[in-house]
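Structure record follows, encoded as structure tokens.
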Amino acid sequence: MSRIYIEDLHRHVGEEVTIRGWLYHKRSSGKIRFLVVRDGTGLLQCVMVKANVTEEVFALSDALTQESSLAVTGMVKKDDRAPGGVEMEITSLSVIQIAKEYPISPKEHGVDFLMDHRHLWLRSSRQHAILRVRHQIISAIREFFDNRGFILMDAPIFTPAACEGTSTLFETEYFDMGKAYLTQSGQLYGEAGAFALGKTYVFGPTFRAEKSKTRRHLTEFWMVEPEVAFNDLKDNMELAEDFLEHIVASVLKHRMPELKALERNTKFLENVKAPLPKISYTEAVDLLKAKGVNVAWGDDFGGADETVISENFDRPVIVHHYPTKIKAFYMKRDAENPETVLAMDVLAPEGYGEIIGGSQREDDLDALVQRIQEHQLPQSAFEWYIDLRRYGSVPHAGFGLGVERTVAWICGLDHVRETIPFPRMIYRLTP
RNA sequence: UCCACAGUAGCUCAAUGGUAGAGCAUCCGGCUGUUAACCGGAGGGUUGCAGGUUCGAGUCCCGCCUGUGGAGCCA
């Protein structure tokens with residue numbers, strides 16, 4: 001016998017079925033009880049009328065507490081009075097466990113309390129909606145690259161050295177070999193992959209020990225990083241805009257009920273179609289100056305600056321050709337203007353900030369070694385990476401997309417802490 | 001790390017320097033269509049910790065702890 005889930009109940013109207021799940025909420029009125037049951041796929045209002053069940057079953061419903069596990073059996077009926085339009089008329093009920101007093105009530109709670117109870121908070125409908133959208137985004141990411149012949153290439157999490165700034169590494173003892181570090185990015189390994197397999201993507205968790213305490217930061221977050229041999233900056237930007245279009249279209253196609261539950265205005269999401277608007281860093285600085293922001297050419301943009309830039313567009317905007325000195329060592333300098341690199345960031349609209357950062361990579365051996373020295377990085381740790389420029393180096397490019405910021409943007413959340421099941425932040429390691 | 005704000009019942013919050021309270025949750029009772037149901041009743045407190053001022057401190061002062069929002073840094 002196949003198991004029936006709440007999300008499929010509209011196909012079982014008129015049948016007697018059994019649903020196993022948890023009590024989400026209960027309302028009682030003398031001789032009639034309304035049990036709202038959840039099973040992970042949705043919520044179902046179950047109506048228990050005293051005359052229709054045995055005394056034992058009716059008494060059992062009195063003992064049910066919020067989140068008690070149970071199985072309900074009854075007739076599935078269409079009823080406009082029920083949330084979801086379908087309800088169950090209970091004929092039988094069995095209790096699996098009576099839950100202890102559940103800490104999360106239907107009333108409001110503070111952020112810290114909810115984060116302390118994250119393992120239970122995940123059961124609420126808002127968190128359901130977010131995690132389903134996250135799932136859809138991850139699914140769309142893999143679908144996009146898989147359909148284009150990219151090979152998933154996992155990068156290591158223990159690494160011998162930094163690829164971004166050195167001050168933001170989590171370190172750990174690695175037997176008698178000294179320190180190992182948790183990866184900040186799989187990109188360098190992705191480059192090795194691109195030279196082996198042509199087009200690859202790295203997808204996994206990354207770690208930054210930045211003491212950032214903002215709505216956009218986690219210490220552990222997921223990143224997907226495509227890397228393509230023979231791609232230049234233009235190819236890279238085109239890949240990024242096709243990629244974003246695909247992700248957003250997939251969520252709009254499959255997760256509208258969740259976006260509605262999150263009260264997400266999808267107007268801007270529907271605009272996410274390639275090609276996206278593109279401006280150079282220099283144009284972005286001029287734009288900021290015209291808006292009265294005090295910036296100079298060569299400054300990196302802060303979160304507020306990114307918001308001002310993105311407010312000029314009704315869809316994500318690509319900013320390219322950043323100053324060399326504010327970007328990573330592996331980015332290729334523009335031959336026409338070595339003060340800039342062939343970098344590009346994608347800024348999400350509505351103030352959600354940078355969701356993609358990428359570049360064409362430095363493929364020249366001498367230039368790369370020089371950049372490593374300029375950044376005072378330990379060259380020995382990068383010998384394998386430099387090797388890629390010794391043996392058949394070619395132009396190549398890639399980018400990284402932060403999954404949590406993308407989820408926050410698409411869901412319209414005001415903080416990334418709700419975009420991942422168990423967020424890791426500067427002051428939170430549990431649950 | 002820096003700046004600002006906060007910490008009172010299980011939760012969300014009140015309380016002019018003068019008897020610590022409400023709603024929800026819990027428990028008891030009532031109600032045959034509820035939608036965060038409603039109505040009546042009950043229990044529930046070392047006011048974050050440690051000092052100080054005062055006749056008297058949840059309230060004022062000092063230090064610490066924890067958290068929230070933001071900055072810098074970044075995806």
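Proteins get letters first, then strands, A, B, ... in listed order; numbering begins at 1 in each. This structure is a prediction, so every number in the text was calculated from the model and none was measured. Just so it is clear, the values below take in all heavy atoms, side chains as well, and ignore hydrogens, waters and symmetry mates.
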[atom1] spacing across the pair [N] / [M], given as an integer number of angstrom:
| N | M | atom1 | result |
| --- | --- | --- | --- |
| B:rA25 | B:rU66 | P | 34 Å |
| B:rG17 | B:rG56 | C1' | 8 Å |
| B:rU8 | B:rU59 | C1' | 11 Å |
| B:rG69 | B:rU34 | P | 39 Å |
| B:rG63 | B:rA50 | C1' | 8 Å |
| B:rU47 | B:rG40 | C1' | 30 Å |
| B:rA15 | B:rA20 | C1' | 7 Å |
| B:rG10 | B:rU16 | C1' | 31 Å |

Report the distance from atom [atom1] of [X] to atom [atom2] of [N], rounded to the nearest whole Å.
| X | N | atom1 | atom2 | result |
| --- | --- | --- | --- | --- |
| A:Glu101 | B:rC24 | CD | P | 15 Å |
| A:His415 | B:rA75 | NE2 | P | 18 Å |
| A:Tyr322 | B:rC74 | OH | P | 11 Å |
| A:Arg405 | B:rC73 | CZ | P | 13 Å |
| A:Lys31 | B:rG30 | NZ | P | 9 Å |
| A:Phe113 | B:rA6 | CZ | P | 23 Å |
| A:Asn52 | B:rG33 | CG | C1' | 13 Å |
| A:Asp305 | B:rG72 | CG | P | 8 Å |

Which one, [options], comes nearest to the side chain of [X]?
| X | options | answer |
| --- | --- | --- |
| A:Asp112 | B:rG72, B:rG67, B:rU32 | B:rG67 |
| A:Ser29 | B:rU1, B:rG69, B:rU32 | B:rU32 |
| A:Glu87 | B:rC73, B:rG33, B:rA75 | B:rG33 |
| A:Ala51 | B:rA71, B:rG33, B:rU32 | B:rU32 |
| A:Val49 | B:rA71, B:rU32, B:rA75 | B:rU32 |
| A:Phe34 | B:rC74, B:rU34, B:rA71 | B:rU34 |
| A:Asp300 | B:rG33, B:rC74, B:rU32 | B:rC74 |

Backbone of A:Glu227 reached by a side-chain donor or acceptor of A:Asn231 within 3.5 Å = no

Okay, side chain of A:Tyr330, backbone of A:Gln187: is any donor-acceptor separation there less than 3.5 Å?
-> no

By nearest-nucleotide position on RNA chain B, the 5'-leaning member of A:Ser105 and A:Asp79 is A:Ser105

Contact nearer the 5' end of RNA chain B, comparing A:Arg428 with A:Gln66 | A:Gln66

Looking at every strand, decide which applies to [X] at a 4.0 Å heavy-atom threshold: base, sugar-phosphate, or nothing.
| X | value |
| --- | --- |
| A:Thr206 | nothing |
| A:Leu218 | base |
| A:Lys213 | base |
| A:Gln45 | base |
| A:His117 | nothing |
| A:Arg216 | base |
| A:Gly353 | nothing |

Report yes if a side-chain nitrogen or oxygen of A:Arg81 is closer than 4.0 Å to either non-bridging phosphate oxygen (OP1 or OP2) of B:rU32; otherwise report no.
-> no

Ion pair [X]/[Y], N-O distance below 4.0 Å:
| X | Y | answer |
| --- | --- | --- |
| A:Arg428 | A:Asp112 | yes |
| A:Lys77 | A:Asp79 | no |
| A:Lys327 | A:Asp345 | yes |
| A:Glu245 | A:Lys273 | no |
| A:Glu404 | A:Arg134 | yes |
| A:Glu350 | A:Arg264 | yes |
| A:Glu418 | A:Arg126 | yes |

Any N or O donor-acceptor pair linking the side chain of [X] to the base of [N] at under 3.5 Å?
| X | N | result |
| --- | --- | --- |
| A:His217 | B:rC74 | yes |
| A:Lys211 | B:rG72 | no |
| A:Glu108 | B:rG23 | no |
| A:Arg27 | B:rC31 | no |

May I ask you to check whether A:Thr214 and A:His217 show a side-chain donor-acceptor distance below 3.5 Å?
-> yes

Dot-bracket for RNA chain B, 5' to 3', counting Watson-Crick or G-U wobble pairs under 3.5 Å, with [ ] for crossing pairs and | for inter-strand pairs?
-> (((((((..((((....[..)))).(((((.......))))).....((.((..]....)).)))))))))....

For the residue pair A:Val341 and A:Arg371, establish whether any side-chain heavy-atom pair is separated by less than 4.5 Å.
-> yes

Is there a stack between A:Tyr102 and B:rA25, judged by ring centres under 5.5 Å and planes under 30°?
-> no

